[in-house]
Amino acid sequence: MDDGHLLEIRDLTKHFGGVVAVNRCSLVLAPGKIYGLIGPNGSGKTTLFNCITGLERRDAGEVFFRGERIDGLKPHQVAHRGIGRTFQIIRVFPELTALENLLVVTREPFEVAYRRAQELLRFVTLDLLENEYAGNLSYGQQKLLEFIRVLMRDPELILLDEPAAGVNRTLLNELLAAITRLRDQGKTILIVEHDMKVVMGLCEKLFVLDYGEKIAEGPPGVIQADPRVIEAYFGR
Amino acid sequence: MRWAVLAALAIGLLLLALYPLVATGYGIRFMLQLFMWVALAQSWNLISGLTGYVSFGHVAFFGTGAYAGAILVTTHGWHWGPASLAGGVAAVILALIIGYPCLRLKGPYFAIAMLGLNEVMRVLVSYFEGLTGGGSGLSLPTLHASGQIYYAMGAAALAVTGAAHLLITSRVGLRFMTIREDEIAAEAMGINTERYKLYAFLLSAFVPGVVGGFFARDQGYIEPISVFPLLTTITMIVMVLFGGKGTIWGPVLGAVTLFVFQELVWARFLYLHQIFFGAIIVFVVLLMPRGILGVLQERYRLPRTI
């Protein structure tokens, strides 16, 4: 089943008790593009991320990655297939140093991993802080560390959960440039983001969730004018 | 600096190796118990200090090793050395059986499950009288081997501290620590947390089992309450917390300090040392949750390996 899709989600559904967090959601990602996933608070964006990465068990539906079914796999197995993610609330390893945060996630020989870790630390200008405990870094620095920790494993698909939240403008521009560069290297990126300026400028295609359902998809310009999207965000 | 540390270590080990030549019987027994506590505290550190899974029943492995070793010595005529190693293997097998389901439990639930394990083991050992002598215990044939057990306990303490060093300076040890730091993030970053938790647990069970076998030989007589006391687990925990959990030398420092102090207080006031122990728990938890080494590392920005 290889039809050129990198990720395909079919009719994914997830309940929490009586609440439907994701409702028969389907979407397809082609390789080498930047996608955005938007929607009001509680619309199921993070739950969808969790279902893709195996942190939540879906109730129904299927997820295919490079043609292989990955729903039902454990999170570390999904990660090994080539999907990396960041979290909405920062999840670095606070009592490991910045460098250790990176080294611990790969199985490459130490020399290779060390060189790669140093490159990535330089890339986000954290190289002088490599021996600092991650918990002592500033919020923005931790955010960058979490971002490069994902890159350490060189995943094909990168899921970013609100990468811009709490990051200052200078840092944000660097982050956005880095994301674009990754796309140019052939990576696929799916971003959950509330900052519309970021989403509109960066993404080639958007998916809009509301109450767990996909209510629209398309290029940013079209989505912005879509009456269903406006209604979901601002009410009727 | 590195050479100075290594030289000091080598001299220290040499002095300890030569000590039995000049020591009194009391001195040797004191030191072999000290080694035993270092080995037990350091073993607890491997699971609870590194992965953050707090085991409240670690003495179950000690007791299992003690009984396995003692049974092999009394009914099968084994030498106590191999019998104690077999005790370690028995402890690892128990850890495998109990770890597979229990390591899925989080936080306090794991701690309580381990506490239950200890009680269950004590009851089982009391029940199977034919094998274990039940409540009346097991007597080992008389043997004066304190000198040999001194070296055996010392080797166990050295081995598990060496293992802690290897782990804490390697990526395997870092993976253990990611479980303590953030298990969900570790999983999402491709670390098979279930497997690494189990590895840490099995590693932490082996030496207590071996040391249990040595202890049985040294005491010459064991019974359920003497090798499965909750107080032993609590002592391991307090020693590690006092010295610094998740560090290489913290458990050693904690075991030496507290054991020496306990021995001094014990000799004078029989019950006072329990009050003292309680006071230390409260003091450490409230004022320095990272322990002595943790505080020093933070203040002087030392690496974790010190």
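A, B, ... follow the sequence lines: proteins, then strands. Residue 1 opens every chain.
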### Message
Please classify the contact of Phe87(A) with chain B as side chain, backbone, both or neither, using a heavy-atom distance under 4.5 Å.
### Response
side chain
### Query
Can you list the steps and then say if Met152(A) with Leu120(A) is a side chain to side chain contact (heavy atoms under 4.5 Å, CB included)?
CA-CA 8 Å; Met152(A) 198 64 197; Leu120(A) 286 169; 3.7 Å; yes
## Note on the structure
If you tally heavy-atom pairs under 4.5 Å between each of Thr193(B), Leu174(B), Val172(B) and chain A, the highest tally belongs to Leu174(B)
### Task
Find out whether Met236(B) and Thr232(B) are in side-chain contact, i.e. whether some heavy atom of one side chain is under 4.5 Å from a heavy atom of the other.
yes
### Query
Just wondering, are more than 12 heavy atoms of other shown residues or ligands nearer than 6.0 Å to CG in Leu13(B)?
yes
### Query
Hey, which residues of residues 178-195 of chain A are touching chain B, say heavy atoms under 4.5 Å apart?
none
### Task
Using the six-membered ring wherever Trp is involved, compare the ring planes of Trp37(B) and Phe259(B) and label them parallel, tilted or perpendicular (cut-offs 30° and 60°).
tilted
### Phe93(A) six-ring centre to Arg91(A) NZ/CZ under 6.0 Å and within 45° of normal
no
### Summary
To the nearest 0.5 Å, atom CG of Leu103(B) lies from atom CD1 of Ile47(B) at 6.0 Å
### Query
Do Glu146(A) and Thr86(A) have side-chain N/O donor and acceptor atoms under 3.5 Å apart?
no
### Message
For chain A, which candidate among Met177(B), Arg180(B), Arg290(B) shows the most heavy-atom pairs at distances under 4.5 Å?
### Response
Arg290(B)
#### Entry: Side-chain H-bond candidate by donor/acceptor type, Gln141(A) with Ser138(A), under 3.5 Å
yes
## Note on the structure
chain B shares the most heavy-atom pairs under 4.5 Å, among Arg81(A), Gln77(A), Glu108(A), with Glu108(A)
### Task
Kindly determine whether Ile179(B) and Ile191(B) satisfy side chain to side chain contact (heavy atoms under 4.5 Å, CB included), including the steps that lead there.
CA-CA 9 Å; Ile179(B) 294 166; Ile191(B) 295 168; 5.5 Å; no
### Query
Would you say the side chains of Arg195(B) and His76(A) form a donor-acceptor pair under 3.5 Å?
no
### Message
Using a 6.0 Å cut-off, check whether atom CZ of Phe16(A) has over 12 heavy atoms from anything other than its own residue.
### Response
yes
### Query
So His58(B) and Phe61(B), would you call those rings parallel, tilted or perpendicular, with 30° and 60° as cut-offs?
perpendicular
### Which atoms of Ala134(A) approach chain B - backbone, side chain, both or neither, heavy atom under 4.5 Å
neither
### Query
Can Arg171(B) and Thr106(A) be counted as having a side-chain donor-acceptor contact under 3.5 angstrom?
yes
#### Entry: Neighbour count >12 (heavy atoms, 6.0 Å) for atom CG, Leu6(B)
yes
### Summary
Within residues 39-63 of chain A, contacts to chain B at heavy-atom distances under 4.5 Å involve Leu55(A)
### Query
Checking Arg107(A) against chain B: side chain, backbone, both or neither under 4.5 Å from a heavy atom?
both
### Query
Quick one: what part of Val78(A) sits under 4.5 Å from any heavy atom of chain B, side chain, backbone, both or neither?
neither
### Query
Considering only heavy atoms, which portion of Phe110(A) lies under 4.5 Å from any heavy atom of chain B: side chain, backbone, both, or neither?
both
### Query
So which of Gly173(B), Gly246(B), Ala188(B) has the largest heavy-atom pair count under 4.5 angstrom toward chain A?
Ala188(B)
### Query
Which of the residues Glu100(A), Arg85(A), His80(A) is involved in the greatest number of heavy-atom pairs with chain B at under 4.5 angstrom?
Glu100(A)
